[in-house]
K.L.:
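Below you'll find the structure I mean.
Residue numbering restarts at 1 for every chain, and letters A, B, ... go by the order of the sequence lines.
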Number of protein chains: 2
Amino acid sequence: MKPTVHDIARFAGVSLATVDRVLNGRPGVRGVTRDKVEQAIAQLGYVRDLAAANLAKSRTYNLCFILPANDNSFMIRLREEVEEAIARSAVERARIEIVEVPAFDPGALVSAMDEVADRKPDGVALVAIDAPEVRAAADRLRAEGIAVATLVSDVGASSRDHFCGIDNSAAGRTAANLMGRFLSKVDGRVAILAGSLLVRDHRERLEGFLSVLAEDFPRVAILPVIEALDDPAMVEKTVRDALRRHPDLSGIYSLGAGNRGLIRVLKELDPARRPVVIAHELTRSTREALHSDLIDAVLNQDPGHEVRSAVRVLKAKADGLPVLTAQERIRIDIFLKDNLP
Amino acid sequence: MKPTVHDIARFAGVSLATVDRVLNGRPGVRGVTRDKVEQAIAQLGYVRDLAAANLAKSRTYNLCFILPANDNSFMIRLREEVEEAIARSAVERARIEIVEVPAFDPGALVSAMDEVADRKPDGVALVAIDAPEVRAAADRLRAEGIAVATLVSDVGASSRDHFCGIDNSAAGRTAANLMGRFLSKVDGRVAILAGSLLVRDHRERLEGFLSVLAEDFPRVAILPVIEALDDPAMVEKTVRDALRRHPDLSGIYSLGAGNRGLIRVLKELDPARRPVVIAHELTRSTREALHSDLIDAVLNQDPGHEVRSAVRVLKAKADGLPVLTAQERIRIDIFLKDNLP
DNA sequence: CTGAAAGCGCTTACAG
DNA sequence: CTGAAAGCGCTTACAG
């Protein structure tokens, strides 16, 4: 039989309250007494029943998700996933709140973070912007004992407890590997489309992509990076321009969002002259585009996994518990038209 | 405040015991009384606290994993993951047992299943062989109220509660898509290496691979399928033979296990004449081979995910609870050397 | 058919 | 600094 607090108390010759104090590192226990209890715990191989503890404490985890008010499909999905988590929250002893902030606006993000801090939640998840003032705000949250998880886009590792997202540098390298192999001519011209180089995920994808291309496919030429703020209309316009200036374009790597605009342009091209296209995030539109051979590969991160992982991680961090790294690793999905889920 | 059984009892004017009877569909409650309680439940929006219920019941889930005594790296990893689940089992209110059976042996599998049934576990996970007698044994388990999950390789959907594994047909199609695009000549010759066509996962991969190749890359020639029982030594020998007979081989799709043998042969080839190689399962050896350009792509299923998912699913099924399909879907990982985890 | 009481493993005031 | 008792939300004998 698994030992319980009762067993510990009996073995150590103390009361339940004292066992509890030692177990939870609360003050007001003499050194000798503490030692006796710790002996008992070690001897009996006690492991505490978190569910019972939470029941006794009526523990609920107050969590807050700060999300950009971006209207691309990916962010919409992400928000929906948080809403699903809210729907499940009764069962999970969590109270989850969503705060929206303007996209790509460090100042707004910082204000939101500071406001959230006042409510003293147990944990905060945010789609980060990698700017000094954001890191400082994250540091303030953590200084108050609030767990911080970055979602999708990271800041420096020292300013958060956990990053719920993919290895974006690996994603960029993978895109380059596929691009290099899928291109029919070894000396093609490739355009790169980003949202904003203010966010770390886009910057890391870009660097990864460029480095593998330079190393393994040195004859491929790369056009200057286009920043289109993940906005479908702006993406459409800039891609149209690029194709006008470079009718011989043989590849496009779209490393941000707003692919609806890109796809509109691709549809108009002569199928025989379509460039190889690699994009990110499986949405209704990229899925259709994969299916109809407008896009060749989609690299994806699963927003459902990211949100569920964020909830688990913030709860664990709030309790000072370790995180199962293998379980929480978010993978880079590669979708071709043949393995669409 | 979330309503509890006490609130229901008060509202319905009955005792806790009666509320519990209704909640758990136990007999011995008059229709009128039952109605009153059900009214209260609906009115107050009661949702039961599973953790508290399990605590009160001292519920533990008895689960059994039936695994083939195969010595390829994948099966070894799978077993290790089950052992990790056993290590965590105290926390998860589970008692997990491993039963080993000879590989690719339907009779042995059936005996093991019947033996396990005698112990009346709550759930059984097994790496299935898709044979009528195995399906019948699974049906017997389920008839006794034991939840059945297939792991890695499936049987017909009607004979199990859940399949914890990838869509193997999609995996085969994806392999063909990559193979077709990676081959430098459109009329290459491709060899296919399987473990055994007795198991459904191998059969489905094969079919998927052949269908896409036929449809999208019709000029690629395919050699007769080699069955090497996932045994490294046998794989080595058969690949060596194939290369002797077809020195112009331009691609190899290894859809089973035992890739250590394949890699030994690849190492000996003149790098300039190495075929495009696509294999399954990321192990120490396939990882190294990817890294050193002996293998071009590895399709993978994460045994850790599969085992954790099996545990969650079997517990849910044992309680008659629904399964979160999106969460439990096992994805096909595609690894190139650039996105190795 | 129904209910009062004790208990699952832990925590929390409160008293001393 | 320490302990006895009540309680978290549910279930389980047992009695009637």
Side-chain angles (χ1 to χ4, degrees), chain A residues 1-41 44-61 89-95 318-321, chain B residues 1-41 44-61 89-95 318-321:
Chain A
M1 244 12 273
K2 258 186 65 182
T4 72
V5 276
H6 291 96
D7 301 312
I8 305 298
R10 200 175 323 117
F11 193 95
V14 300
S15 73
L16 287 181
T18 298
V19 172
D20 190 68
R21 287 183 190 104
V22 175
L23 239 29
N24 293 288
R26 274 190 276 272
V29 184
R30 264 195 310 166
V32 232
T33 318
R34 180 174 302 278
D35 287 349
K36 276 192 298 182
V37 175
E38 264 154 8
Q39 281 287 326
I41 291 174
L44 304 185
Y46 171 80
V47 282
R48 132 175 199 263
D49 183 331
L50 224 200
N54 280 344
L55 175 60
K57 282 193 285 206
S58 310
R59 172 73 147 124
T60 74
Y61 299 86
S89 61
V91 186
E92 300 189 356
R93 301 190 158 278
R95 198 196 323 282
D319 288 337
L321 259 40
Chain B
M1 246 12 277
K2 259 186 64 184
T4 72
V5 275
H6 289 95
D7 301 312
I8 305 297
R10 201 175 323 119
F11 193 96
V14 299
S15 74
L16 288 180
T18 298
V19 173
D20 189 68
R21 288 186 188 101
V22 175
L23 240 27
N24 293 288
R26 274 189 275 271
V29 184
R30 266 195 309 167
V32 232
T33 318
R34 182 174 300 278
D35 287 349
K36 278 192 297 183
V37 175
E38 265 155 7
Q39 280 289 324
I41 292 174
L44 304 184
Y46 172 80
V47 281
R48 132 174 199 266
D49 183 331
L50 223 201
N54 280 343
L55 174 59
K57 282 193 285 205
S58 311
R59 172 73 148 123
T60 74
Y61 300 85
S89 59
V91 186
E92 300 189 356
R93 300 192 160 275
R95 198 194 322 282
D319 287 336
L321 260 38

K.L.:
Give one of base, sugar-phosphate or nothing for D20(A), where a contact means two heavy atoms less than 4.0 Å apart.
P.N.:
base
K.L.:
Should the heavy atoms of other residues, nucleotides or ligands under 6.0 Å from CZ of R93(A) be counted, would the total exceed 12?
P.N.:
yes
K.L.:
Looking across every strand, which nucleic acid part, if any, lies under 4.0 Å from N54(B) by heavy atom: base, sugar-phosphate, or nothing?
P.N.:
nothing
K.L.:
Pick the closest DNA chain D nucleotide for R21(B) and for L55(B) by heavy atoms, then say which residue is nearer the 5' end.
P.N.:
L55(B)
K.L.:
For A53(A), answer base if it contacts any base atom (sugar-phosphate contacts may also be present), sugar-phosphate if it contacts only those atoms, and nothing otherwise; contact means non-hydrogen atoms under 4.0 Å.
P.N.:
sugar-phosphate
K.L.:
Which part of the nucleic acid, if any, lies within reach of R34(B) when heavy atoms closer than 4.0 Å are counted: base, sugar-phosphate only, or nothing?
P.N.:
nothing
K.L.:
Looking at dT2(D), I'd like to know if its phosphate oxygens (OP1 or OP2) sit under 4.0 Å from a side-chain N or O belonging to T18(A).
P.N.:
no
K.L.:
Which of the following nucleotides, dT2(D), dC8(D), dC10(C), is nearest to the side chain of S58(A)?
P.N.:
dC8(D)
K.L.:
In terms of side-chain heavy atoms of A17(B), which of dG3(C), dT11(D), dT11(C) is nearest?
P.N.:
dG3(C)
K.L.:
R48(B) side chain N/O closer than 4.0 Å to the phosphate oxygens (OP1, OP2) of dG9(D)?
P.N.:
no
K.L.:
Do the side chains of T18(A) and R21(A) get nearer than 4.5 Å, heavy atoms only?
P.N.:
yes
K.L.:
Taking for each residue the nucleotide of DNA chain C with the nearest heavy atom, is it L23(A) or A56(B) whose nucleotide lies nearer the 5' end?
P.N.:
A56(B)
K.L.:
Considering every strand and a 4.0 Å limit on heavy-atom distances, what is the contact class for R26(A): base, sugar-phosphate, or nothing?
P.N.:
sugar-phosphate
K.L.:
Are the side chains of V5(B) and D20(B) in touch, meaning some heavy atoms are under 4.5 Å apart?
P.N.:
no
K.L.:
With both distances kept under 3.5 Å, what pairs with dA13(C), Watson-Crick or G-U wobble?
P.N.:
none
K.L.:
Out of dC1(C), dG9(C), dC10(D), which has the shortest distance to the side chain of T4(B)?
P.N.:
dC10(D)
K.L.:
Base, sugar-phosphate or nothing for V5(B)? Non-hydrogen atoms, less than 4.0 Å.
P.N.:
base
K.L.:
For V14(B), report the nucleic acid contact type (base, sugar-phosphate, nothing); a contact means any heavy atom under 4.0 Å.
P.N.:
sugar-phosphate
K.L.:
Between R59(A) and dC8(D), is there a side-chain N or O to OP1/OP2 distance below 4.0 Å?
P.N.:
no
K.L.:
Crowded around R95(B) CZ? As in, over 12 foreign heavy atoms under 6.0 Å?
P.N.:
no
K.L.:
Is the NZ or CZ atom of R59(B) both under 6.0 Å from the centre of the six-membered ring of Y61(B) and within 45° of that ring's axis?
P.N.:
yes
K.L.:
Looking at dA4(D), which nucleotide sits across from it as a Watson-Crick or G-U wobble partner, both distances under 3.5 angstrom, or is there none?
P.N.:
none
